[in-house]
2 protein chains.
Amino acid sequence: MSTKTRGYDYLPGISIDCVIFGFHDNQLKILLLNFKNTDWLAVPGGFIKESENLEEAAQRILEERTGLTNIYLEQFYVFGDRDRRDNEMLKSLMKAVDGVELSPDHYLMTRFLSIGYYALIDFTKANPTPDYTSDSCQWYDIDTIPTLIYDHSAMVKKALETLRFFLDEKLIGFNLLPEVFTMNDLQNMYETILDKKLLRTNFQRKMLSLGILERLDKKMTGAANKAPYLYRFVGKESNV
Amino acid sequence: MSTKTRGYDYLPGISIDCVIFGFHDNQLKILLLNFKNTDWLAVPGGFIKESENLEEAAQRILEERTGLTNIYLEQFYVFGDRDRRDNEMLKSLMKAVDGVELSPDHYLMTRFLSIGYYALIDFTKANPTPDYTSDSCQWYDIDTIPTLIYDHSAMVKKALETLRFFLDEKLIGFNLLPEVFTMNDLQNMYETILDKKLLRTNFQRKMLSLGILERLDKKMTGAANKAPYLYRFVGKESNV
DNA sequence: CCAAAAGTGTTACTATTACACCCATGC
DNA sequence: GCATGGGTGTAATAGTAACACTTTTGG
């Protein structure tokens, strides 16, 4: 019942796709793969090994694309519409990427469900790496994302909605920042993700009142203004 | 790549399990199947036909067990741990239910993921119906649910958490009530699901302020007290 | 008229919003 | 000193919680 490919046993008809969020230069970004010899873009994905739990598979896929381990991630939806993938497109894709002509009974030509995970990573630590089907793995600003293959645009949309919804609820935003950050960094991230301005003074109070920020030394920037404190996220583990 | 069973083509290695909530006698209940010739209980489930979208499959499964169509339902999680099912238990189960001895390469003996849906239905309209593996399909009070097979207890737990979380957020509770109901009915449902008392007067104001309740005629109960108004949920469709 | 349950009004409290003010830093 | 951005205080507002009061029904 499993699918032998590239030396491993994978679960048939199921893939995992990961919407990987990063934050840099006051922009929310996601990682996208560009398939070789095409201008088609997709969210990074992969398959599930017989030996893996779902989340382990997702972590492996994320590590392969970013070099990071122990990433914050969350299931957000299963995409399973009957015709969510376009097999003609898939054939062209594999032809371009691999030079192979997929036969109609190739396992990739069957119906696939995809479990959507979104991941939040520290942009500065990630090392985006293409897979064997793609010639680039790059960051794209969330508000200028081109059309993606299959239903991947809908995936990104739903992932972003979920991120927005849970940003305060689960205090997950810290996973997008480096170990230490200023209150201004934090506010910029919130404003960018929620796409609205927040009042600086109230934002500060609210964040501090949560009791999850540790105030460290001041950051001497060399700029002609008061030096801001640096903060670190403490309390409940940032992962899980 | 698909699995021929009972005359249909089903997607391999994937099932759908439905936590079906109902509300009656001030109790939140779920529907459970009792497998033939055993005392094992499970949440109703099924497989996905090649021709079906995910949600269509879930709706079909729900209709088979309740007789209802167009049910409010929502994906809540994918259960995919490697060893979430116990194959020895499955063998005993099929032996008891069907009299068959599953061979190790039977498709049911492979790893299965299960997409969890929760559904909210009108208790008074449902007609619980067992499937061919079970001799009963019955309501169980949510707070006295026996141990279920596989990871079904965890499914129920997660479904209930999700329901609680979204009860106000998405105004989904109305799907558990008949077409018309009193404010008291509504409050009892909220109190039962959230497992806490609410202030009657404030609850009323809050619900009315949402602008989604239409006040109908009074309900003459014959009781020695003021007759309550009946209400009906209006506004955004209760389904979807 | 009374008990019981439904519906409305009023006050106190708390969280959020908005903005004024003060503090530190490098030129 | 002063321009700039960081940090704190405080009043106004909105939302929630708590409870008193009035209304309706059948006995």
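We name chains A, B, ... by the order of the sequence lines, and we start the count at 1 in each one.
Taking A:Thr201 as the reference, nothing meets the side-chain hydrogen bond (donor to acceptor under 3.5 Å, both in side chains) condition, with sequence neighbours excluded. In this structure, the side chain to side chain contact (heavy atoms under 4.5 Å, CB included) partners of A:Ile16, at least two apart in sequence or on a different chain, are A:Cys18, A:Ile48, A:Ala57, A:Ala58, A:Ile61, A:Ile115, A:Tyr117. Looking at residues two or more places apart in sequence or on another chain, you find no side-chain hydrogen bond (donor to acceptor under 3.5 Å, both in side chains) involving B:Thr192.
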Listed pairs under 3.5 Å, donor-acceptor, residues 163-172 of chain A side chains, sequence neighbours left out:
unit_1: A:Arg164; atom_1: NE; unit_2: A:Ile193; atom_2: O; d: 2.6
unit_1: A:Arg164; atom_1: NH2; unit_2: A:Ile193; atom_2: O; d: 3.3

Please produce a list of atom pairs where a protein N or O lies less than 3.5 Å from an N or O of nucleotides 8-11 of chain D.
unit_1: D:dG9; atom_1: N7; unit_2: A:Arg205; atom_2: NH1; d: 3.0
unit_1: D:dG9; atom_1: O6; unit_2: A:Arg205; atom_2: NH2; d: 2.9
unit_1: D:dT10; atom_1: O4; unit_2: A:Arg205; atom_2: NH2; d: 3.4

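When rounded to the nearest whole Å, the span between CG of A:Asp168 and C1' of C:dT16 equals 13 Å. At whole-Å resolution of the value, CG in B:Leu230 and C1' in C:dA5 are 15 Å apart. The CG atom of B:Asn184 sits 19 Å away from the P atom of D:dT24 (whole-angstrom rounding). For the pair A:Gln187 CD and D:dG7 P, the computed distance is 11 Å after rounding to whole Å. If you take NZ of B:Lys226 and P of D:dT24, they are 6 Å apart, rounded to a whole angstrom. Between the CE atom of B:Met183 and the C1' atom of C:dT8 there is a distance of 13 Å, given to the nearest Å.
B:Arg215 and B:Tyr231 are linked by a side-chain donor-acceptor pair at a separation below 3.5 angstrom, with hydrogens and angles left out of the test. Looking only at atom types and distance, the side chain of B:Gln59 has no donor-acceptor partner in the side chain of B:Glu63 under 3.5 Å away. For the 3.5 Å distance criterion, the side chains of B:Asn184 and B:Thr182 fail to qualify, holding no donor opposite an acceptor.
Between A:Arg82 and B:Glu52, none of the side-chain N atoms (NZ, or NE/NH1/NH2) sits under 4.0 Å from a carboxylate O, so this pair counts as no salt bridge.
Contacts between residues 188-199 of chain B and DNA chain D, counted as heavy-atom distances below 4.0 Å, involve B:Leu199.
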